[in-house]
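Here is the structure we will look at, set down as structure tokens.
Every chain is numbered from 1, with letters handed out A, B, ... down the list of sequences.
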Amino acid sequence: MSSLAEKLTSIVSVHFRAAGLDESFGTVRMSDRPDLCQFQCNGALAAAKALKRPPREVAQDIADRLKAEPIFAKIDLAGPGFINLDVTDAALADHLAALVADEQLGVADKGAGKTIVLDYGGPNVAKPMHVGHLRAGIIGDSLRRMYLFSGYRTIGDIHMGDWGLQMGQVISECARRHPEWPYFDAIFSGPYPKEPPFTFEALEEIYPTASKACKADPARMELARHATVELQSGRPGYRALWRHIVDVSVEGMKKNFGALNVFFDLWKGESDVHDRIGPMVRDLRAGGWALESEGALVIPVARNDDKKEMPPLMLYKTDGAVMYGTTDLATVAERVERYAPDRILYVVDQRQSLHFEQVFRAARLSRIAPENMDLTHAGFGTMNGTDGKPFKTREGGIMKLEDLIAMGLEKARARIAEAEIGRDMDADEVEDIAHKVAVAAIKFADLHNNRTADYVFDLDRMTRFEGKTGPYLLYQAVRIKSLLRKAAERGFAPSGNFVLHDPDRALAFVLADFPDAFEAGLRHDAPHHLCDYAWRLAQQFSGFYAACPILPEPDESLRASRLALCALTCRTLEKTLDLLGIGVPERM
RNA sequence: GCGCCCGUAGCUCAGUGGAUAGAGCGCUGCCCUCCGGAGGCAGAGGCCGCAGGUUCGAAUCCUGCCGGGCGCGCCA
């Protein structure tokens, strides 16, 4: 199935071809002048340019041919050569019936048979999660849902940072504080304790302290570097302690991402490719790609036609430790081997773009990445505070993700109490609603921005719950659910025979537009197209709802038709929100 | 210095080379005997950073400038 505009496009394209013109000129889209027409085709203008013929003449030619198509109720020419189109109500009603019957709501299975690996989240082990991980998690998770819906096999990988210098910093800090721990006893023969020697909260304090100390004191940094190398080369005590650090951290990550309803298929990290690195580097040397440079081992990736400086990808530092470029490259190899993906998508901060350029080039040069596999860095902008500077707490510290979620929840609870929504509910349901409202507020506020742009994070604004917000969308969806419940109680059934008056038609066109909004989002790896669509649909419905009393409607066929529109709106809105990772409660 | 991203209403942001550039917040008016008012309807508010160019047509494409953010070999 397809959208209504796509259906019209294929019809009009045929007539462009019949007229001896390229069929790509036949693109039809929803009109941006609803006072003039429902759909428009501007292709005659572009075609006329290519042919050096008067545009009005080309448009007239196409319009004459379109008169043979029964789907059109009106075909007009306007301006320099716009073709304005209306469809018959019968055609619109048929399309609506097809949407009702289609589980995909008109979205085509374009990804059928294809595989995509999505790399998002990327929290670092031992470091507290902060607001920076919010965007990576929720944008990546939304894209995963979108690819899945379009038929792809999707593999979402959290790709933790668990193998770098920060591990050595934490380990050496622990060694300084607790030299008596068996992990630091070189002749200890084990077994090491099963229980971690610290809690998640303690770990969150250790890393910042260690990091600060290393920055201030070169000797401490040297110890951290050394510990990193020893960890990577397999010192048993360090590996055992590292395991505890990872396990304790993962627990915290699961809590945070779980609260946000962000899902991962794989909980892998940089360390998972450690065993591949040796052989990979051997091959890279043998192939002539990897070279010694200034005491390090690198892959030069610069090209003669580069306009910018392109540093090489570093495989081994002078101290023998690997870097994240090394593990990223090895991870490409692992993913190719395990999943043979058509595409790997990295949802990582825009500031990493040079790094990914280096990794992608190295992967292409060395043939680690097959030629027909796409590698894309879908970067996102920085989250700033209302002052336009990187987001901080009021005290100027780093806002932990956990605290941010708690603040959103608190606002949601307060708003629910104020509206007396929870009067006849038990505490669990109220808490569930508060949670869904908070998640909707946080996610929608983030996702509705253009992915690549920096954006201002304003907790007060997004939790006000009025206007273009996640909670407003939940409210609209819940209102429809309530209406449908009441209809069912009264024995009113929706009907597949659509009766279309002006408000019904206006809503129908927005419903028919869902696949186009979805395609736009998928094409640009940009969930904000879906946010925009959810908002348009909710607003259109709200206008419809205000203009058309449904349950009191005496005409049974009209009432049944409108109930069917409500049901389809509810499904479409809920699906759109689901693709954004936003769940809708039954009532609120 | 080189490179990337951004500049649209007071603020936060949408905008596929097409017709009259949109939304939310804020501001001004209306609208509950009615299915959930976290709502609806209407209004005011714009040299689309500046200057050129391409085009029948530019917020959109090209060039140059101005402002803001970020990145550029041993962190991730």
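Residue-to-nucleotide contacts include a donor-acceptor pair under 3.5 Å from the side chain of A:Ser482 to the base of B:rG36. Side chain A:Asn84 to base B:rA19: a donor-acceptor pair is found below 3.5 Å. A donor-acceptor contact under 3.5 Å links the side chain of A:Tyr324 to the base of B:rA76.
Base engagement by A:Lys49 is indicated by at least one non-hydrogen atom pair under 4.0 Å involving a base atom. Here A:Asp319 lies out of heavy-atom contact (under 4.0 Å) with every strand. Among the protein residues, A:Gly79 comes within range of no part of the nucleic acid, since none of its heavy atoms lies under 4.0 Å from any strand. Nucleic acid contact class of A:Met588 (heavy atoms, under 4.0 Å, all strands): base.
Note on A:Tyr472: a side-chain N or O is less than 4.0 Å away from OP1 or OP2 of B:rG40.
Pairing for B:rG29 is with B:rC41, a Watson-Crick or G-U wobble pair whose two hydrogen-bonding atom distances lie under 3.5 Å. Pair assignment for B:rG24: B:rC11, on the basis of Watson-Crick or G-U wobble contacts that are both within less than 3.5 Å. If you check B:rG64 for Watson-Crick or wobble pairing at under 3.5 angstrom, you find it paired to B:rC50.
Atom CZ in A:Phe39 sits roughly 19 Å away from atom P in B:rU16 (whole-Å rounding). Distance CZ (A:Arg29) to C1' (B:rA19): 10 Å, rounded to an integer number of Å.
Here A:Phe82 counts as stacked on B:rA19: its ring centre is under 5.5 angstrom from the base ring centre and the planes meet at under 30°.
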